[in-house]
Amino acid sequence: MSTLDSLSPGDLVLVSNRLPYTVGVSQGSVTLTPSTGGLATSMRPLLEKGVALWFGWPGLSEEQAGDAKDEINRQLRTRGVVPVWLKAEEVENYYEGFCNATIWPLFHYFADKAVFNERYWDAYVRVNERFAEEIASRYPRGAIIWVHDYHLMLLPSMLRERLGDDVPIGFFLHIPFPNFEVFRQLPWRAEVLKGLLGADLIGFHTYDYMNYFLQSVSRILGLEQELNVIKYGDRLVKVDVFPIGVDFTGLRKMALSDDVMRKVEEFRKRLGGVKVIFSIDRLDYTKGLPERLRAFRRFLDKYPEFRGKVSYVFVVSPSRERVEEYARLRREINELVGEINGLYSTLSWTPVIYIRRFMPNDELLALYRLASVALVTPLRDGMNLVAKEYIAANVDRNGFLIVSEGAGAASELVEAIIVNPYNYDQVADAIKTALTLSAPERQRRLSALETRVSSYDVMAWASDFIESLKGFKKYQLDSAGEMSRRRLAGAALSMVMSSFNVSSKRILFLDYDGTLAPFAPLPSLAEPDPELISLLKSLASLPNTKVVIITSRSKVSIERLLPIQEIDIAAENGAWVREKGTWKNMVTTKDLRWKDEVVKLFSVYVKRTPGSFIEQKDYSIAWHYRNAPESLGEGRASELMDVLSRFVAIYPELSVVRLPKTIEVRLAELSKARAARYWLDRDKYDFVLAAGDSGDDESLFASLPPDSVTVKVGSGPTRAKYYVRSPMELRDALKKLSGVSH
Ligand code: GDG
C-alpha cells in the first residue's frame, strides 16, 4: 500500500494558490471543472475520499464572484475544498503583482523584468496571513500541512506561529530557486527565507535549486547547516530534492484510448504525410517561444531538404493575459510566425501551424502520440511536465524528445537531446538528429526514459514527499523530546540545586565560547557582558566552590576576556592551567618545529579564502573561516583536512580537530578531560559540574565521575546528562546555583 493510500480522513491539508477546480460563473449559475496538471490529478482522489482538505483561491475576485460567492463556497466545500477569497485589489497587487511581476521573473533569472514594489509586498504579506488564518481556524489536529509554491512562501512561518512546533509542515517550490547573486536582489529576501523556514521539510525539483537555497540561507541569515539540515533557532529544517513526475499510467491509458486514436487518424489524414514537430506551452517569456521559432527558422534555412516534409505544430495556451509583458510577447510571436510562414509556405504546406487557445486533452494526447519531435526548449523552467508527458504518451515510440538545459527536467531526462535554447544552430541540428535517429538508438534511449518517468510518477513523488516529511518530523520530535526530557530545568534543576546545596566541596568546569557566551564573528569580539562577569564572581565566592574555565583559547585571550582573579583557568585545552592566579605549563612535548610549517600551510589557505584568518596559540594553531563565503569556506576546509591528514601522519604528536567553522592543529596530548584531571586528582569533590557545547567537551563529559552533572549547550547527540538550549539558559541555571547557599 502506498503512502497516499494509507492516509485516512483528516490526515492531509493541501494549500496552493489555485484550486484543483476551475470555477465558472455564467448568468448566476456556477460550474466547477477539474483542473488538469500533475498536482491536481494526483491529489484529487484524496479529496474525493475525504482524506485531504484543500485551501486555495478560486481564481476570481470576490467582486467578480458577487452573488455567486455563496454557491461557489457551497459547491467547493462539498468537494473538500476551502476557498480563500481575494479582493480585486489583492488579485492585482498580490497575484499579478508580487507573485507574477516580482517573484516569477526574478526566480527565472529575468531580473530586469522583476518589479520591486512595496504595495505588492504588503499585499503578499496580507494574503499569506489570510491563508494562515483560514487554515489555523479549520486545521484538523494531527494533519500534515503541505504548502505549494512561490505564492505562499511566508505561510509556513505564519502557520508555525499559530499552530506550534508539533505540526508537520512541508513546502514544495515548483519553480527554480535562483542562485544567491540573483536572489539577493529581492528587498524582502530575509523575510522570504524566514517564511519558508517555518516548514519542517522544504522540497525542490533539482539539486541545484536546493543548493542555491542553502547558500542563500547561509549567506543571508548566517544559519548553520549540516547534511541538508538547517538549524533555525530551536528547530531543525530539512531540505531535499523531489523531482515532480506525471501520472504516467493515466496518460498512457488515455493515449491508447479510442477517442485519442480517432484523433490521431484524423490529424494524420489532414497532415498528409507531413511529419510533426510539436510543442505546447503556456504563453510565458520563460518558455523561450520566440527563440524556439527562430531556431525552427534556422532549421529550415540550414536543412532545406526538410521543407515541405515537416511542420511545426506550435500550441500556446493563454495565460496571465492582463499583464502587458505577455501582450508584448504575443505580438512578437505573431510577427515571427507570420515571417516564417510568409517566407517558406507553399500552397500545400505550412511550416508553422500556430494554435493559440487551450487545447482539449484528447487533441493534446493525439499530438503527443503522433509527433516525431517534441521540442521542449524553455529558457528556464522549474521542471517542465510537457517533456515527461511526451515520454508517457508517445506510446508508439515513433518520436524523440529535445529538452532545454534550462529546464529542471534536463537533469533527469539525460537520454533526451539536451540543448541550449539560445543556440539556434544547436537546436536546428538537434531537430535534424531527432528526425533521423536510427530506430534501435531511438528505442534504446526512449526505453530508458520511459523507465525513469514511469518509476517516479506523480504519485511516487507525492508519497515520497509526505513520507519524508513524516519521517523527519518524527526524528525532530524525538530529538526535541529527548532534549526536553533531559532539560536542566524544573525538577531536574531542583535536584541539581539540592545536591549542590548539601555538598561540601564543589567544582564547576565551564567552557567559554558557545557555552557561557554566544559565538561571535571574531574570537576577540566574544566579550562577556557585566552580568556574566558578576555571575562568575559570585559563584567563585561561594564557600568551598571552585570555578574553572576550561577553553581552547590561549591564556592571553581568556585572561583578557575574563579578568577575574577568583576563578581558575585551563587554557588551550589544558596546555596551561591557572590556579590561584599563577600559570603553570602542563605540556610534555618539547619539539615545536611543526608550528612554523602549520602556519605556512594555513597562510596559503588564508590567501585563497577571503575572510578566513589564523589564530596562533602556544601549542595549537587554528584556521577560522566563519567569515568566509559559505561554499568557499566549506570547500577549502575539506581540502585542508585532506592535506592535514597527510601532514599529521609524519607528526604523531599532533592531532587535527574540525570544530564549527574552525580547523585546529594541536598537540595530541592536550584534552579537556586531561585538563580537568589536574584539579580532580589533587582534591576530593562531592559535586562536579561540567558544561560545554562542542566535540571538545564530550571527552570531558565522558571522563568525569558518573554522578557528575554534565550539561550540553544546544542540540545534537551528547554524552552529557542534561541539555540547555542556549548560553542564556545555562546562565539562568548557574544563577540559581549561585543563590542556593553561601
Ligand atoms: C510549474 C513550473 C513545473 C498547458 N497548456 C495546455 C495544457 N497544458 C498543461 C501541460 C502541462 C502543464 O499544463 C504545464 O506544466 P509545465 O510543467 O510545463 O509548466 P507550468 O505550468 O509553468 O508549471 C514547472 C510545474 O509547475 C510542476 O511542478 O514543471 O516548471 O513552472 O501538464 O500539458 N494542457 C491542455 N491544454 C493546453 O492547452 N490539455
Side-chain angles (χ1 to χ4, degrees), residues 1-17 19-20 39 42-57 73-74 76-85 127-149 151-172 194-203 232-238 240 242 462-485 487 490 715 725:
M1 193 160 69
S2 87
T3 306
L4 297 186
D5 295 330
S6 68
L7 293 171
S8 321
D11 273 358
L12 184 62
V13 169
L14 292 160
V15 196
S16 60
N17 178 61
L19 289 170
L39 187 64
S42 62
M43 292 295 171
R44 211 176 296 109
L46 299 182
L47 268 186
E48 284 155 9
K49 281 196 279 178
V51 164
L53 201 58
W54 197 320
F55 293 78
W57 171 47
N73 284 345
R74 196 192 62 75
L76 286 172
R77 293 234 168 97
T78 58
R79 288 170 172 80
V81 170
V82 183
V84 180
W85 287 98
V127 171
N128 272 256
E129 255 160 12
R130 171 108 30 89
F131 270 84
E133 286 301 321
E134 278 288 344
I135 297 163
S137 68
R138 291 163 206 273
Y139 172 66
R141 271 281 140 202
I144 287 170
I145 303 181
W146 189 4
V147 181
H148 289 265
D149 228 359
H151 314 86
L152 298 167
M153 292 190 285
L154 306 179
L155 187 56
S157 283
M158 293 176 172
L159 288 171
R160 181 69 63 208
E161 263 167 41
R162 287 165 174 81
L163 299 172
D165 278 1
D166 292 356
V167 175
I169 302 176
F171 180 92
F172 189 81
K194 287 180 191 161
L196 289 168
L197 290 173
D200 301 302
L201 174 66
I202 305 175
Y232 184 49
D234 284 345
R235 285 178 43 253
L236 298 177
V237 180
K238 188 178 162 75
D240 212 340
F242 304 88
S463 300
D464 194 13
F465 186 91
I466 291 173
E467 204 53 48
S468 300
L469 173 55
K470 279 178 157 175
F472 187 68
K473 191 73 204 175
K474 185 171 175 319
Y475 163 78
Q476 206 192 50
L477 290 176
D478 284 353
S479 46
E482 185 62 19
M483 240 181 119
S484 67
R485 264 193 302 283
R487 186 108 171 262
S715 56
R725 290 186 190 205

Just jot down the salt bridge (Lys or Arg N to Asp or Glu O under 4.0 Å) partners of Arg485, sequence neighbours excluded, or say none.
Glu482

To the nearest 0.5 Å, how far apart are CG in Leu7 and NZ in Lys470?
5.5 Å

Taking only residues two or more places apart in sequence, or in another chain, which ones meet Glu467 in a salt bridge (Lys or Arg N to Asp or Glu O under 4.0 Å)?
none

Residues two or more places apart in sequence or in another chain: which of them pass side chain to side chain donor-acceptor pair (under 3.5 Å) with Lys194?
none

Which atom names give the shortest non-hydrogen contact between Gly10 and Ala143, and what distance separates them?
O-CB, 3.2 Å

Summary of salt bridge (charged side-chain N to carboxylate O under 4.0 Å, His left out) pairs that have at least one residue in residues 161-171, sequence neighbours excluded
Glu133-Arg162

Output yes when a side-chain donor or acceptor of Arg160 lies under 3.5 Å from a complementary backbone atom of Val167, and no otherwise.
yes

Fit a plane to each ring of Phe242 and Phe172, take the angle between them on a 0 to 90° scale, and name the class: parallel (under 30°), tilted (30 to 60°) or perpendicular (over 60°).
perpendicular

Only residue of Val13, Leu12, Leu14 satisfying side-chain contact (heavy atoms from CB on, under 4.5 Å) with Ile145 is Val13

Of Leu155, Ile202, Val237, the residue whose pairing with Leu196 passes side-chain contact (heavy atoms from CB on, under 4.5 Å)
Ile202

Side chain to side chain contact (heavy atoms under 4.5 Å, CB included), that's the test. Do Asn17 and Asp149 meet it? Break it down for me.
CA-CA 8 Å; Asn17 178 61; Asp149 228 359; over 6 Å; no

Across all chains, not counting sequence neighbours, the salt bridge (Lys or Arg N to Asp or Glu O under 4.0 Å) partners of Arg235 are Asp200

Using a strict 4.0 Å threshold on nitrogen-to-oxygen distance, state whether Glu134 and Arg130 make a salt bridge.
no

For Trp57, side chain to side chain donor-acceptor pair (under 3.5 Å) partners two or more places apart:
none

Where do Tyr475 and Leu236 land on the side chain to side chain contact (heavy atoms under 4.5 Å, CB included) test, with the steps shown first?
CA-CA 10 Å; Tyr475 163 78; Leu236 298 177; 3.9 Å; yes

